[in-house]
Structures are given as C-alpha cells and as structure tokens.
There are 2 protein chains.
Amino acid sequence: AEKYKAISPAEFFYKYKEIAGFANPARALYQTVRELVENALDATDSHGILPDIKIVIQRADPVQEFYRVTVEDNGIGIPPDIVPNAFGRVLFSSKYVLKQTRGMYGLGVKMAVLYGQMTTGRPIEVITSKREYRRIYFFKIRIDINKNEPIVLERGSWRKQRDWHGTIVSLTIEGDWGKAKARIKEYVNRTAIVTPYANIVMYTPDNEVVFYKRVIDVMPRPPREVKPHPYGVDLEMLKMIMESSKQPTILEALVENFQSVGEVTARDLLTRAGIDPSISPSSLKEDDLLKLVNVMKTYSQYKPPSSSAISPLGTEVIKAGLNRMFEPEFVEAVTRRPSTYEGHPFIVEAGIAYGGKVPLSEPDKPTTLRYANKIPLLYDEGSDVITSVVKEDIAWENYLVSFPAPIVLLVHVCSTKVPFKGVGKESIADVPEVRREIKLAISEVARRLRGYLTAKQKEFEAQRK
Amino acid sequence: AEKYKAISPAEFFYKYKEIAGFANPARALYQTVRELVENALDATDSHGILPDIKIVIQRADPVQEFYRVTVEDNGIGIPPDIVPNAFGRVLFSSKYVLKQTRGMYGLGVKMAVLYGQMTTGRPIEVITSKREYRRIYFFKIRIDINKNEPIVLERGSWRKQRDWHGTIVSLTIEGDWGKAKARIKEYVNRTAIVTPYANIVMYTPDNEVVFYKRVIDVMPRPPREVKPHPYGVDLEMLKMIMESSKQPTILEALVENFQSVGEVTARDLLTRAGIDPSISPSSLKEDDLLKLVNVMKTYSQYKPPSSSAISPLGTEVIKAGLNRMFEPEFVEAVTRRPSTYEGHPFIVEAGIAYGGKVPLSEPDKPTTLRYANKIPLLYDEGSDVITSVVKEDIAWENYLVSFPAPIVLLVHVCSTKVPFKGVGKESIADVPEVRREIKLAISEVARRLRGYLTAKQKEFEAQRK
Ligand SMILES: Nc1ncnc2c1ncn2[C@@H]1O[C@H](COP(=O)(O)OP(=O)(O)OP(=O)(O)O)[C@@H](O)[C@H]1O
Ligand SMILES: Nc1ncnc2c1ncn2[C@@H]1O[C@H](COP(=O)(O)OP(=O)(O)OP(=O)(O)O)[C@@H](O)[C@H]1O
Ligand SMILES: [Mg+2]
Ligand SMILES: [Mg+2]
C-alpha cells in the first residue's frame, strides 16, 4: 500500500540539503560562512550602514571535526519577537519584497541551523539589538523539523552598556576546514573586492587573522522597494491583487499596485481589455482577468521599470576594490544602464584589471570573477551564463589580449530577481536579455583595455626610436 | 521598516518556478510532459504492471499559445480521498520512502498545476480508479497558493463499465511547441529506450502520432521499501526515531528501525557507545545520541545495505531498448553490483551500441544518453558527473574508438536517493563513490566493444588475404 504524506519545508530541505549547497562537511562549512556573511551585509549596506563584519571559525571539539562559526555585524538588528521565526522557520524572510538584496529565499540561515542540528545537535545562538533599543536580546533556537517551527531553548536580555546595534550569529556544525579553507578564504577575498567600503576580519582555526580594511567611504545607493511592473504580471498575481485590494474600483487597484501605471495608462489598459474601469476589483471574472493579463503583458507604452529597486556597485566602488586587491597598472569599470527581463529590472556591471600584481590567467580565458547581487559565485562556473559569454561571445584577440595574460575580469549582475539556477545561488541561468547585457558590458571594458594596450604599445615603440 | 513574513511552499515554488525547470513556456511544456509521464511510469512499472502510456498535446486556443497536455496510464490509480492533496498540495507524495522511484520531491505535478493556474487560469483534471474499485473518480482542482491547499472545484464519480484502472491527468498551460518539440520528442524517445516493455503513444499538436510499441514482456524487478542503513544516520534522524518509537528498549528500537542491525549488532553498537541496552528509547540524552550516531557511522561490521530497494533495468532490458532504437551491429550492457554512498544503495549500469543505424557521434565524444532512476536527463549535461567521466576519465583510444564514430553510450544511475543537483532533476552531482562506479561501468562495456572491434578487424584482415 502506498504511504501518502505531506512534509514541511523544513523536512524537505533537511532531506535534500545538497540542493541548497550542504552536500558534505566541507561544502557545508563554506555555505554556512556564506549564508551568515550575506545576511550580515544585507543588514548593513542595504541600509546605508558602513559594514563592520567579524567572522570567527574555531575548532569546537578536540576529536570530532566540529566548528563553531560566528559572524557579527553592525547592522540594523532584528526585533526580539521576530528572531525565533527568522532563525527557526524555513521560508521566513524580510526579503520577499521587490528590492535587490543578497537574500531572497528565506532559507539560508535555516539550512545552517538544520545542518548544525543534524551533525552536532547544538542550537543556534543569536544576540541582537536595534539602534533605538535600550536592551540587547539573546536566544538559543533549534528547529522543530516536523512542524517547521522554532523551539526557543533559552532567551534573555540585558541593558546596553554602550551604543551597540547589530547581530551576532553563532552555530556549531560538522565541517572540514582542511578541504574548505581555500574556498572560504577566496569567498571572503572576493567579497572584499566588491565591498571596499567594509571592514571585514576573519579569525581562522589555524589562528590566522585575515583583515580587509575599509578603503573608501562611498557606498552603493541602498535599493528601495518598488511595486511590480506590468510586464511581470501573471494571472495568479493579478487575482491575488484584485482579491485583496481595498480600492473601490479596478482602475484605482491597478494604479495602486503596479509601477509605471498611472490613471491614463490604467484607463487605456482597461479599455483594450474591454473592462469597465469603475467596477470593483473583486468582481472581475476569470475571462476578464486573462484578457487584462494579456493586455498588460503586450502593452508597449509604459515607462520602463524603475531602477530604484536595484543597487549597482558603481564604477568607483568596483575600481577601488580591484585596485586594493590587485594593484593593477590599468583598471576600468562600466555600469550599464538598467534593462529588464520578465518585468524585473537588472543592471550588468563589468570591471577589468590588467598588469601590476594581477596574477597570470589560465591559458585559454581571463580570470573571471562572477557576482550576482554583490554575492561572489565560486562554484558551478560551467553552467553560468557569464562563463558562457566570456568563452563564446568575446573575441579577445580583437582586444589585443592573448592568454595567459595578467588580466582579471569582474562581472556583476544585479536585479530584483537574479535568475539563479538553484537555491544554492552558484550560477546564473542563460536568460537572453541578461546574456546580451553581459556581452555589451564586457565588450565595453575590453575596448577600454585595448585603448590602453594600444597607447602603451605606441609609447613603447616611440621609446625604442 | 522590514517586512518580515512567512510563505507557503506553494508560494515559494510559484515565485521561483525556474528552479524546478519552469523557466519559460517552452521549458514549461517540456517539464509538464516529463512530470506527468514520470508519475505515470512510477504508477505502473514500480508495481509490476506493463505500462500503457498515452500522451496527448493539443493546441487549446486558436490565438494564444495554450496547450492541453493529457497523460493516461494503466497504473495503480489513486484513492479519491488522496487525489486533492496529491495534485493540490506542494510537498505531498507517496515517494518519501526509502525505495527507488522516479518521483522523490512531492512537487512535480504541482509545479505544472501552478504554471497552468498562472498562465491560463485553468484547473487540473484528474480521472482515476484502482483495480479493486467499482467506480471511477473525477476531480477539477486548483491550488490555494497562500495556504498550500487544494481547492476542489468539481468532483464526481460513475460506475465502471469495463475493467479499467489507472489515471488520466489533464491540464492546460502556456507553452511553445515550436521551440519545445524537438526536446519533447527526444525525451519520449529516450524514455522508450529504457522502457522497451512499455507501449508509449504520443499525439502532437502537428497531428503526428509517435508510437513506441512494447518489444519485451520482461520488466525490472519492482523495488521494495527498506529501512535506513546505519551509515546514513544523523542526529536528527536518530532523535526522531527514538522519540516516536513504541519499543520498550533502545536495543529493540535500533533493530526495528534500521536495516543490517540485528540484536547482536545492536548490542555491539550500544556497548561501544556506553549505553545500557535496556533503557527506553526516549530516555536517551543528547550526549548519548551523539555518541551513538558516531559509533553507527564508523562501525565496520554491518551487512552491506540491501539492494532490494533499488530496481536496475537489467542487461536484457537495456539491450532490447538499444536494439529497437538503433538496430546496431553490436550491443552490450552491464549492471554493476550494488554500492553505497551515505547509506544509500545505488547501482550503475551502462550500455553501448555500435554501428548499424547508430548515428555518428560528435567529433570529440560518444553520444551519451544519461539516465537517473530510469528518467532521461536532457539538459545541464555540462554539470553532470556522467559527462565529466566520459570526457575526463575514459581513454577512448585504448578501446580502439576515435570520434566521430557510430557509437551510443547509455549510462544509468539508480538509487534510493539519486544525488541530483537541483529539483529540476537534470544532472547528477559528482559524488566520489558514484563517479567511481560510473567509470568502472563504462570501462566494462568499452572493453567488450574493443573485443568486438578487434575481432572484426582480424576478420577483415583475414578476408583480405
Ligand atoms: N545578521 C542579520 N541581521 C539582520 N537580520 C538578519 C540577519 N540574519 C538574518 N536576518 C533576518 O532573518 C531573515 C532570514 O534569513 P535567511 O538567511 O534564512 O533568509 P534570507 O536572507 O531572507 O534569504 P536567503 O535564503 O536567500 O538567504 C532575513 O530575511 C533577515 O530578515
Ligand atoms: N499517474 C499517477 N498515478 C498514480 N499516482 C500518481 C500519479 N500522478 C501522481 N500520483 C501521486 O501523486 C503524488 C504527487 O505527485 P508529484 O509528481 O507531485 O510528486 P512525486 O512524483 O511524488 O515527486 P516528484 O516531485 O519528484 O515528481 C505521487 O507521489 C503519487 O502518489
Ligand atoms: Mg540569507
Ligand atoms: Mg512526480
């Protein structure tokens, strides 16, 4: 007889943890550092706070390969009534809104909690306070996997002694520092390249201290939440909007719930869909909704999607980061204008560093640093659209570059929704609009490199005479 | 202010549907056919029923690219009280047990329902009956995305007029037959290669009929559910077992809940963990559980994991499938002995077909047909361990093969848990134990091909004299 049953999202991701990057102890240690650091940076630079991030990885047991991973930030902190769900409920997040952030799934830190629970049995510890609070709050939390609910094992609070705000997250997991350390150090290094405005210090189990000091005070403008663009609409979204709208008419419901839709545009859309603008939103029938979705998706007279929800690094930040890390003889960066795919605005940025202390590349392609929403992508490069463009769409010889060469290429894709191929966030899918922008961005910085190499060549020949 | 919220698994996979393979209308049409066909085959061949599968894809609208996809099978059917959850609740499945099946996530058909809902608004229709029933049951179902619950829009039943059992699933989605048809046909063709014991007929929107007739009555032995093997244990699993066990002693709880653990072994494990075998399961403390997990994972005297839970194709089925599809001059197949990774038993099988009507391969590698749990894998070959082994670990020239050549290589990995890289089930992760077995299986069939090519060469030279 068949055993039919439902499982919670916590049980699902506990069972299939490899899908979220927790395939083995080495990858789990790497992913845990990632998830905590990405949360810490989201809590700072998305809110105009210059980040101070401390990462501590220590052996937690003399015999077993258990590691205590602690990440501290000076970010916005978390309200105490929110903490249990934030760390103890899978699919709970503050980032389910239309705004560019590193986090998006409501899963990251919970995966680390689950992995700690199943390998060491130890709960996660959280200390947090917001700037306006007088107290600091402390929690020990584990996850009830069956119910997908937090279990608060301990809680406490105390009065602030000094002006502190931020969050300290600590958990103990099985890991493999020997296997993982090169990648973890690479991840922190690559993070520092795109956050030259952050202080990042890491203490390792080998008693090393890795320190990336802040070199600029300029930060990317923080992203602001926006309403969806009509190009991203679908039947279910429109239905949900109309059912929950408190507006008296469908016209006002459209204007309130979509960007780039003012009264004139809304009236135009409704006319084309053959719908009376004055009827109430909840009275729309199935056929009308489908007609309206089709009209909204094919209408060609909207203002383009707002880019206030995306937060590119900017050329100043990219160049500062590449300069600090590689001390190149030549550096350039470009931030493309906003584009969209499926109603989501996105920007592609590229940076190029050449010569100086830039290490020699592979014999067949430039050293390529992939980024998505400011997150360094280190694995699965074979299935990433950036890798594909660099290999197949750029004729490097046209830019006077032959490999190996002392050249580093940085490519950053940022969006309200980066089309990741999996919840482990390691590679970007080959979406045509995005691919096109990546190619244009890389060609742009490659052209500028060519200009430099040509001038350098001329100067060299002039000197010879 | 931050907007903290929880979402249901239905909303999560609706929001991030590209992660499950529903990235665009062409891929969605492909994935919908896949999910329905895989469910139909699971309902037949895992239960000793020779499959009769009918696939119908028709244009559902004169203007819009809407397609009605219907799959009918002669399988075990679904109880009427189960149908709403089976099709309307994400993370509901009969395949969350330790047994090899194509399905595993409890997500597949629900993704298709969600996609139909958001692109056409139409519900899924299900007709089903079990062999022993006198009635046939009918449902029209949509998903309440917010609550992750089914909404039954219509239901009915009627008396059977003839001895029918099985399931008919029909839904209407936006698709792109022009872009998807080559891949859909390839998928059905590749399915037929490993199910030569099935009748599969497909009716396409171009009014074509594709028919793969049953050519053998031999089926792989159906898999049988097993208890977990101690090598796959973790702290959370052991805790859940001990808390829910009705056994009076920890000794009996171990014997009841794990395979390869009889009384002698259980006593040995408990002794090594310093635990009294007569205490009740729920009285174990945290430290004891962790000690016991460590002992169980490192103990070296178990019987190896049972392979009754896995269901390899077998060499007869593989050869019949390759012969029917390619009419080669040479065909061979091998089924390796069971192996394990992380407590999960797995088997790698390989088949090779050469000459005859086998098409010419690429200039650098053999045409490779990847399969996992009898499912053909068509996308993401770049990140699949099989591709990696074929390219990097096999010196084809040692087997007298130089490309291009009229050679097809089939590789099948089957397990109680195939280490897929994503919920879209397109590529297998590089797990060391699995990689090793793939290499050994391919080497084996390549050796036999070499034997044939050597004999053929000798015969050719003998004839020349
Ligand atoms: N260091 C932190 N400072 C402030 N808020 C935090 C911090 N860490 C976690 N949070 C809060 O907890 C929530 C859950 O974090 P989690 O990592 O599970 O999901 P996410 O970051 O939203 O998405 P993703 O799964 O993509 O990481 C976050 O959305 C955020 O609101
Ligand atoms: N044609 C069918 N015949 C019998 N049972 C079916 C059929 N289709 C679906 N089911 C039942 O519905 C359940 C849910 O199907 P669904 O495709 O969502 O998940 P799954 O097949 O278990 O896993 P996966 O997400 O990997 O496909 C199945 O587990 C099975 O019990
Ligand atoms: Mg996160
Ligand atoms: Mg399925």
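Each chain gets a letter, A, B and so on, in the order its sequence line appears, and its residues count up from 1. These numbers come from the heavy atoms of this one structure, side chains and all, not from hydrogens, waters or symmetry mates.
- Residue contact with chain B, scored on non-hydrogen atoms closer than 4.5 Å, involves the side chain of A:Asn294 exclusively.
- Only the side chain of A:Arg142 has a heavy atom closer than 4.5 Å to any heavy atom of chain B.
- For A:Ala23, the part sitting under 4.5 Å from any heavy atom of chain B is the backbone (N, CA, C, O) and nothing else.
- Atom CE of A:Met118 sits about 12.5 Å away from atom NZ of B:Lys239, to the nearest 0.5 Å.
- Closest of all the heavy-atom pairs between B:Phe420 and A:Ile19 is O-CG1, 4.3 Å.
- The contact between A:Lys297 and chain B is made entirely by side chain atoms (from C-beta outward), counting heavy-atom distances below 4.5 Å.
- Once rounded to the nearest 0.5 Å, the distance linking CD1 of A:Ile7 with CZ of B:Arg89 reads 10.5 Å.
- Here A:Lys421 does not pair with B:Glu426 in a salt bridge; the nearest charged N to carboxylate O distance is not below 4.0 Å.
- No side-chain heavy atom of B:Val90 sits under 4.5 Å from any side-chain heavy atom of A:Phe12.
- Note on A:Gly106, A:Gly422, A:Ser93: by heavy-atom pairs under 4.5 Å with chain B, the leading option is A:Ser93.
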Apply the test side-chain contact (heavy atoms from CB on, under 4.5 Å) to residues B:Tyr96 and A:Glu11: give CA-CA distance (whole Å), side-chain angles for both, the deciding distance (0.1 Å), then the verdict.
-> CA-CA 11 Å; B:Tyr96 287 137; A:Glu11 188 168 350; over 6 Å; no
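- For A:Ile82, the part sitting under 4.5 Å from any heavy atom of chain B is the side chain, from C-beta outward, and nothing else.
- Looking at heavy atoms from C-beta onward, B:Lys15 lies out of side-chain contact with A:Tyr105 at the 4.5 angstrom threshold.
- Using a 4.5 Å heavy-atom threshold, the side chains of A:Lys3 and B:Glu225 count as touching.
- The part of A:Glu286 that comes within reach of chain B is its side chain, from C-beta onward, which places non-hydrogen atoms under 4.5 angstrom from that chain.
- For A:Ile76, the part lying near chain B is the side chain, with the backbone staying farther off; criterion is any non-hydrogen pair under 4.5 Å.
- Comparing B:Glu174, B:His47, B:Lys95 by how many heavy-atom pairs each has under 4.5 Å with chain A, the most go to B:His47.
- In this structure, the portions of B:Met237 lying under 4.5 Å from any heavy atom of chain A include both its backbone and its side chain.
- Heavy-atom distances place the side chain of A:Leu290, and not its backbone, under 4.5 Å from chain B.
- The parts of A:Met104 that come within reach of chain B are both its backbone and its side chain, each placing non-hydrogen atoms under 4.5 angstrom from that chain.
- Only the side chain of A:Asp380 comes within contact range of chain B, with at least one heavy atom under 4.5 Å from a heavy atom of that chain.
- Atom-to-atom distance recorded for B:Tyr115:OH and A:Asp234:CG is 9.5 Å, nearest 0.5 angstrom.
- There is no contact between A:Ser427 and chain B, counting heavy-atom distances below 4.5 Å.
- Residue A:Lys17 qualifies as enclosed at atom NZ: its count of foreign heavy atoms under 6.0 Å is above 12.
- Residue with the most contacts toward chain B among A:Gly382, A:Ala86, A:Gly121, A:Ala20: A:Gly121 (heavy-atom pairs, distance under 4.5 Å).
- Looking at B:Tyr379, there are no atoms closer than 4.5 Å to chain A (heavy atoms on both sides), in backbone or side chain.
- Per-residue heavy-atom pair counts under 4.5 Å with chain B were compared for A:Thr120, A:Val97, A:Thr119, A:Asn146, and the maximum is reached by A:Thr120.
- Closest non-hydrogen pair, A:Tyr4 versus B:Pro79, comes out as OH-CD, 3.6 Å.
- Put simply, the side chain of A:Glu342 does not reach to within 4.5 Å of the side chain of B:Glu18, judged on heavy atoms.
- With a 4.5 Å cut-off on non-hydrogen atoms, A:Val423 touches chain B through its backbone and its side chain both.
- Closest heavy-atom contact between B:Ile145 and A:Glu236: CD1-CG, 3.2 Å.
- Crowding of B:Lys130 atom NZ: a count of heavy atoms from other residues, nucleotides or ligands under 6.0 Å exceeding 12.
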